[in-house]
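Working notes, beginning with the structure itself.
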Amino acid sequence: MEVQALLITFREALEALLIVGIITSYLKRVNHREYTKYVWLGAALAVAASVGVAMLFQLVFTGFAAMGSEIYLKIGIMVVSTLLLTQMVFWMAEHSRDMKKNVEGKMDQFITAGNVAGMVIHSFLVVLREGVETVFFFAAITHGNIGAAMQGWGAATGIAIAALVSYFFFKGTMRIPLKTFFKVTGAFIVLIAAGLLVQAISMMQDIGLIGSVMPHVYDLTWLLPEHPIDYEHYVRDHGVAPVFSGEVGVFLKALFGYSSMPSLEEVIAYIGYFAVVYLLVASRRGQKNVAVEKTPAAALDEHKKRVM
């Protein structure tokens with residue numbers, strides 16, 4: 001859980017800090033530092049609002065638990081989180097290149113109009129979006145215990161790393177492009193999303209919401225049990241210990257959705273998820289290549305054909 005929290009918090013905090021940093025750096029460059037305090041005010045209000053959202057979310061989850069329906073909420077959160085995490089990776093890959101230009105254009109409008117409230121609201125919404133997403137993802141990886149993720153070392157470390165990366169980026173001393181950072185963290189986020197999807201399917205099968213054609217495609221308990229209890233049971237039944245500890249299995253299950261005895265549906269969902277992601281990436285690359293290859297003259301000819 002802590003590694004998941006670190007990666008998610010790092011990714012979300014870095015996005016928020018980059019946008020706020022772009023805004024404040026631009027205000028200094030155009031000699032309007034007097035507006036910087038309003039940007040940080042909006043960011044601070046968003047952090048406070050995110051904590052409030054976390055408390056409200058925890059309250060709702062506790063209410064579902066009291067009614068005995070928390071399992072359905074957990075499944076729903078995991079499925080939605082899978083979609084949001086995937087969308088987040090693709091959104092950043094598509095918008096990171098033009099982020100600086102878009103943010104500075106928005107600030108120009110606010111400065112020209114003297115719209116202080118707009119600056120506060122803009123920075124508030126930017127940070128709040130990342131905060132709400134973080135709360136939702138924490139609920140998914142902890143099965144509803146958001147406080148545990150917020151208080152753990154993973155979240156604090158993720159924020160600290162994001163702050164350091166942002167600092168070195170705006171000081172001009174970071175040589176590794178942010179695009180590389182987003183690619184690497186994006187790969188891990190996709191792995192986490194796939195794991196959440198598989199865990200959601202496993203939970204649906206456990207409560208009989210969906211069936212299974214083949215409950216156990218293979219059994220790797222002898223190699224890597226997914227829990228210390230499975231480790232102990234294997235020793236009891238076979239008289240020998242598995243190759244790896246159940247603690248390792250717990251870590252891999254929490255991070256990547258590992259299962260020592262997956263059902264056929266889990267295997268198909270896991271492989272299918274990566275197949276879909278690959279097809280989406282290939283499709284986007286194809287669209288970019290077509291856009292690059294299309295010359296202005298070709299674009300004009302295409303426009304004329306549409307008009308005629």
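One-based numbering along the sequence shown. Just so we're clear, the structure is a prediction, and the values are computed from it rather than from any experiment.
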Starting from the C-alpha separation in whole Å, work towards a yes-or-no answer on side-chain contact (heavy atoms from CB on, under 4.5 Å) for Val126 and His122.
-> CA-CA 6 Å; Val126 165; His122 180 68; 4.1 Å; yes
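Atom-to-atom distance recorded for Thr134:OG1 and Leu128:CG is 10.5 Å, nearest 0.5 angstrom. If you take OG on Ser81 and CG on Leu197, they are separated by 11.0 Å, rounding to the nearest 0.5 Å. Here OG of Ser50 is found 10.5 Å from CG of Leu45. Values are rounded to the nearest 0.5 Å. The structure places OG of Ser123 at 7.0 Å from CG of Leu41, a figure rounded to the nearest 0.5 Å. Once rounded to the nearest 0.5 Å, the distance linking NZ of Lys37 with CE of Met119 reads 12.0 Å. Atom CD1 of Ile161 and atom CG of Leu6 lie 5.0 Å apart (nearest 0.5 Å).
Counting non-hydrogen atoms of other residues, nucleotides and ligands closer than 6.0 Å to CZ of Phe57 gives a total above 12. Heavy-atom contacts from other residues, nucleotides or ligands closer than 6.0 Å to CD1 of Ile207 number more than 12.
Within the 4.5 Å cutoff, the side chain of Thr86 has heavy atoms near those of the Phe90 side chain. Residues Phe136 and Ile77 meet the side-chain proximity criterion, which asks for heavy atoms closer than 4.5 Å. Looking at heavy atoms from C-beta onward, Phe274 lies in side-chain contact with Val190 at the 4.5 angstrom threshold. Residues Ile8 and Ile189 are in side-chain contact: their nearest non-hydrogen atoms beyond the backbone lie under 4.5 Å apart. Proximity of Met203 to Met78: side-chain heavy atoms (C-beta onward) are separated by under 4.5 Å at one or more points. Inter-residue side-chain proximity for Arg29 and Glu104 is flagged as met; some heavy-atom pair is nearer than 4.5 Å. Contact annotation: the side chain of Gln109 never approaches that of Asn115 to less than 4.5 Å [non-hydrogen atoms, C-beta and beyond]. Side-chain contact check for Ile192 versus Phe137: every heavy-atom pair is 4.5 Å or farther apart.
There is a path of hydrophobic side-chain contacts, each under 4.5 Å, that joins Val267 to Met214. Residue Met88 is not grouped with residue Ile159 when hydrophobic side chains (ILVMFWY) are merged at heavy-atom distances under 4.5 angstrom, including chains of intermediate members. Val235 and Met261 fall into different hydrophobic clusters, defined by Ile, Leu, Val, Met, Phe, Trp and Tyr side-chain heavy atoms under 4.5 Å apart, directly or through other members. The cluster map of Ile, Leu, Val, Met, Phe, Trp and Tyr, joined by side-chain heavy atoms under 4.5 Å apart, puts Val198 and Leu84 in the same cluster. Residue Tyr270 is grouped with residue Leu264 when hydrophobic side chains (ILVMFWY) are merged at heavy-atom distances under 4.5 angstrom, including chains of intermediate members.
Side chain of His227 to backbone of Ile229: a donor-acceptor contact under 3.5 angstrom is found. Remark: the backbone N or O of Val213 is paired with a side-chain donor or acceptor of Glu265 at under 3.5 angstrom. Without hydrogens or angle criteria, His238 side chain to Tyr234 main chain gives a donor-acceptor distance under 3.5 Å.
Listed by first and then second residue, the side chain to side chain donor-acceptor pair (under 3.5 Å) pairs that reach into residues 248-260 are Glu226-Lys253, Glu226-Ser259, Glu226-Ser260, sequence neighbours excluded. Screening residues 185-222 for ring pair (Phe, Tyr, Trp, His ring centres under 6.0 Å), with sequence neighbours left out, gives no hits.
When all heavy atoms of Pro242 and Tyr231 are compared, the closest pair comes out as CD-CE1, 3.4 Å.
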Can I get a per-line list of side-chain donor-acceptor pairs under 3.5 Å for residues 13-26, giving both atom names and the distance, sequence neighbours left out?
{"residue": "Glu15", "atom": "OE2", "partner": "Arg11", "partner atom": "NE", "Å": "3.3"}
{"residue": "Thr24", "atom": "OG1", "partner": "Val20", "partner atom": "O", "Å": "3.1"}
{"residue": "Thr24", "atom": "OG1", "partner": "Gly21", "partner atom": "O", "Å": "3.1"}
{"residue": "Ser25", "atom": "OG", "partner": "Gly21", "partner atom": "O", "Å": "2.8"}
{"residue": "Tyr26", "atom": "OH", "partner": "Asp108", "partner atom": "OD1", "Å": "2.4"}
{"residue": "Tyr26", "atom": "OH", "partner": "Asp108", "partner atom": "OD2", "Å": "2.9"}

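Each of Leu220, Leu224, Leu223, Val248 was compared with Val243 under the side chain to side chain contact (heavy atoms under 4.5 Å, CB included) criterion, and only Leu223 meets it.
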